[in-house]
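Heads up: the structure comes next, in structure tokens.
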Amino acid sequence: MDVRDRIAARAAQELRPGEVVNLGIGIPNRIPSLLGHDAGIFLHTENGLLGVGPRPMAGELDPDLVDAAKQPVTALPGAAAFDSAQSFAMIRGGHVDVAVLGALQVSISGDVANWAIPGRDVLGVGGAMDLVVGAKRVIVTMTATTPSGEPKIVRECTYPLTARGAADVVVTELAVFRRRDGALVLTELLGDASIEDVRAATAAPFEVELEDRRAD
Amino acid sequence: MDVRDRIAARAAQELRPGEVVNLGIGIPNRIPSLLGHDAGIFLHTENGLLGVGPRPMAGELDPDLVDAAKQPVTALPGAAAFDSAQSFAMIRGGHVDVAVLGALQVSISGDVANWAIPGRDVLGVGGAMDLVVGAKRVIVTMTATTPSGEPKIVRECTYPLTARGAADVVVTELAVFRRRDGALVLTELLGDASIEDVRAATAAPFEVELEDRRAD
Amino acid sequence: MTVIHGPIAPEEAVAAIRSGDTVMVGGFGLVGAPLTLIDALVEASDADELTIISNNIGEPGRGLGKLLRQGRIKRGIASYFTSNPEAVAAVNAGEIEATLVPQGTFAEAIRAGGAGIAGFYTPVGAGTLLAEGKEERVFDGVPHILERPLRADVALVYAARADELGNLWYRGTARNFNPLMATAARVTVAEVGEIVPVGAIEPESVHTPHLYVDALVRSR
Amino acid sequence: MTVIHGPIAPEEAVAAIRSGDTVMVGGFGLVGAPLTLIDALVEASDADELTIISNNIGEPGRGLGKLLRQGRIKRGIASYFTSNPEAVAAVNAGEIEATLVPQGTFAEAIRAGGAGIAGFYTPVGAGTLLAEGKEERVFDGVPHILERPLRADVALVYAARADELGNLWYRGTARNFNPLMATAARVTVAEVGEIVPVGAIEPESVHTPHLYVDALVRSR
């Protein structure tokens, strides 16, 4: 299994039936195909649809139905369409249960940087800030390090912030962290990663409170 | 013709085809039956309907269709229903062309007092303030004096204000006033009223700029 | 969150309301008011010291007027208490506290409560009795006042139609404050005239998406 | 105000736009964008020095991307310039000014512009680059920033369906910013897929009531 699929699969286990979930571009977008049909999750896309269904079959493409990545989607029975103010009212008002998103950096206190690289690419923010601030639970999915080996979990973000203290859960290919009392804590090792592996891939000290993995 | 009907009839002449009009309780509510069917006016009621039609016939009463006075109405073809936040967004945002309303007092600078009597009855404001502030044009319809003979156009309102400088036109049974450069000016005498009659029924000095009455 | 498995009894639904709670109740007068839920609150609940956010406090002995007669309302937030003379009398006798809000501000504040907006500036009410104690600020030469959002523990709303997921559709002027209140409470209970299968309300016709609705109750 | 007598030509509609104007353009990317009106603005109008308020500045050579290539955009207010690399290049070259706004704030500010709200406090963006120059204020322990409304001279929107009065109905995710922009401009022109008789859209299904719409144009 591809490393990004493994991260997506572990993040998917955080979702509970009945929850309204917004999925970001990248790793989070791999979650739908990993979820069972009976997962009971309702997908929200900030461009105005609750009840996002699978990609359309060839020949069934509807140009009026896209997701936030502007890719074609379908609407499930029971879907609701709404304007952007209503959509972000849902997000900002705390009615979206979970946002799963990618990040460039996450600080050990849960600050998230996921929209811009300093000095360039500060011209697109989209709904990133709204989602990170508004969703009841924010799950960050990312590889532990950049392609060049720099840890993405850091003491303080050096990339432009999306929001402070916003990450509730961080899932990498090595580990799951949860924010407790304002700091990310290592709660689970993934695959055959050791605590030392995680420390080596993390640019900040952290507490360890390993939990039994629930059976599922 | 009843004095209130005469006031309503004169106020109705201020309305132009295509305008969206909100009518208050009392004299303004007499306007619909005085308007021709081809007047081309669109009636808005702040409880959530644009395109208010006549009162329903007996046996056609729809409990889900009422006006702001909670009286049964009909919806004309092309009517739109909306929630209260949208309805007041229309009002506050300046999308309702005209509000015609009653008042207890209007000051010579156009301040309107139409929702409360000092010391009692300060428990119901409804949409009065929103309408007086938000409508593009505010037409006040009222008898020139109270039943006990007190003028209703005054130097300064002694009743609790609805909004400052809001009345654009005031129609009584004696006269039409228009607000120009921040002050009400007498522009038209009604019935057989003289300027002296109007002065006697008005508790503030005012300018006189009589206009030819348009033919209609 | 959406976990609705068929309608529940109104008595069960109002058990979510505890003494001291703030409760939003939809309706413009009795039009679009959740009368079955109000009756259940009157008859099957002991919760008192309630703060009621509703455009009116019912009419004498009708709708919220029943709850008023029981002496269970501590405070009302409304735009028009006057439609129930018993509410006016209760305020004047000091039996309930009254907060009067212009109707558009009332609607906007509930919307803000549901939309995560911490405050907004409106010109409505500036310079009047109803601006007392509120911050004033001039924008573009026009005085505005700062209004804060309204939120509740429980919202009781009425819709003509729901699907089995809890998507709501309102009819005519029975919509009024209901869709706003549905967004602004910890728990939203929707009383509905009918429940249709999932998919029977087209996506574009959903007025209140199901994520706002925690339970459905059928009108009696 | 509603005085619509049938659809007008797109070239006539865009004549409302003058040099130096602020123009809102609906759509999320090209979905729900009024492409016929944009083409008319590109081909049949000389207006330049425009401020464009739109979630994106089109795509390279498509939608607003055509207007960008003509050098007629002075400033863009958007949440995502990045979808058009030519817009990014134009900003970086100093050819256009860019104001980046979080998408929810962008939507809410347009709604505020149409709703007569002079400002609102949102937690979104507080403490970030995008809060620079904005007033910060803490409510209930959470930093918020004050956002001001967005308004325009002309709004160009797209709806799948209109009736002859100008009531609009949007389909699926082509709704997005269109209903908001329709409320926030001095003049609103709606490009529509079809025009149906008055009464063919039921009152509960009207998304944009006709009082917001000044002219209708058919999609080509």
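The chains referred to below are lettered A, B, ... by the order of the sequence lines, with proteins before strands, and numbering in each begins at 1.
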Does any backbone or side-chain atom of [X] lie under 4.5 Å from a heavy atom of chain D? Answer side chain, backbone, both or neither.
{"X": "A:Ala85", "result": "both"}
{"X": "A:Ser87", "result": "neither"}
{"X": "A:Leu65", "result": "both"}
{"X": "A:Asp67", "result": "backbone"}
{"X": "A:Val125", "result": "both"}

CA sep, side-chain torsions, deciding dist, call: D:Asn92, A:Leu123, side-chain contact (heavy atoms from CB on, under 4.5 Å): CA-CA 10 Å; D:Asn92 290 337; A:Leu123 287 169; 4.2 Å; yes
Distance-minimising heavy-atom pair for [X] and [Y]:
{"X": "A:Pro63", "Y": "D:Val31", "value": "O-CG1, 3.7 Å"}
{"X": "D:Pro123", "Y": "A:Arg92", "value": "CD-CD, 4.2 Å"}
{"X": "D:Pro179", "Y": "A:Asp83", "value": "CG-CB, 3.8 Å"}
{"X": "A:Gly124", "Y": "D:Tyr80", "value": "CA-CD1, 3.5 Å"}

Candidate pair A:Thr45 and D:Phe28, rule side-chain contact (heavy atoms from CB on, under 4.5 Å), full reasoning: CA-CA 12 Å; A:Thr45 183; D:Phe28 182 80; over 6 Å; no
With a 4.5 angstrom heavy-atom cut-off, is it the side chain or the backbone of [X] that approaches chain A, or both, or neither?
{"X": "D:Thr105", "value": "both"}
{"X": "D:Asn56", "value": "side chain"}
{"X": "D:Pro102", "value": "both"}
{"X": "D:Val142", "value": "neither"}
{"X": "D:Asn55", "value": "neither"}

Top residue by heavy-atom pair count (under 4.5 Å) with chain A, among [options]?
{"options": "D:Ala107, D:Gly76, D:Ala87", "result": "D:Ala107"}
{"options": "D:Leu129, D:Leu180, D:Thr173", "result": "D:Thr173"}
{"options": "D:Gly172, D:Ala98, D:Gly127", "result": "D:Gly172"}

Side chains of A:Arg164 and D:Pro143 in contact at under 4.5 Å (non-hydrogen atoms): no
Candidate pair A:Val122 and D:Leu100, rule side-chain contact (heavy atoms from CB on, under 4.5 Å), full reasoning: CA-CA 8 Å; A:Val122 290; D:Leu100 188 69; 5.5 Å; no
Electrostatic pair D:Arg171-A:Asp62, nearest N-O below 4.0 angstrom: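 Yes, D:Arg171 and A:Asp62 are salt-bridged.
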From CZ (A:Phe88) to CD (D:Gln103), nearest 0.5 Å: 4.0 Å
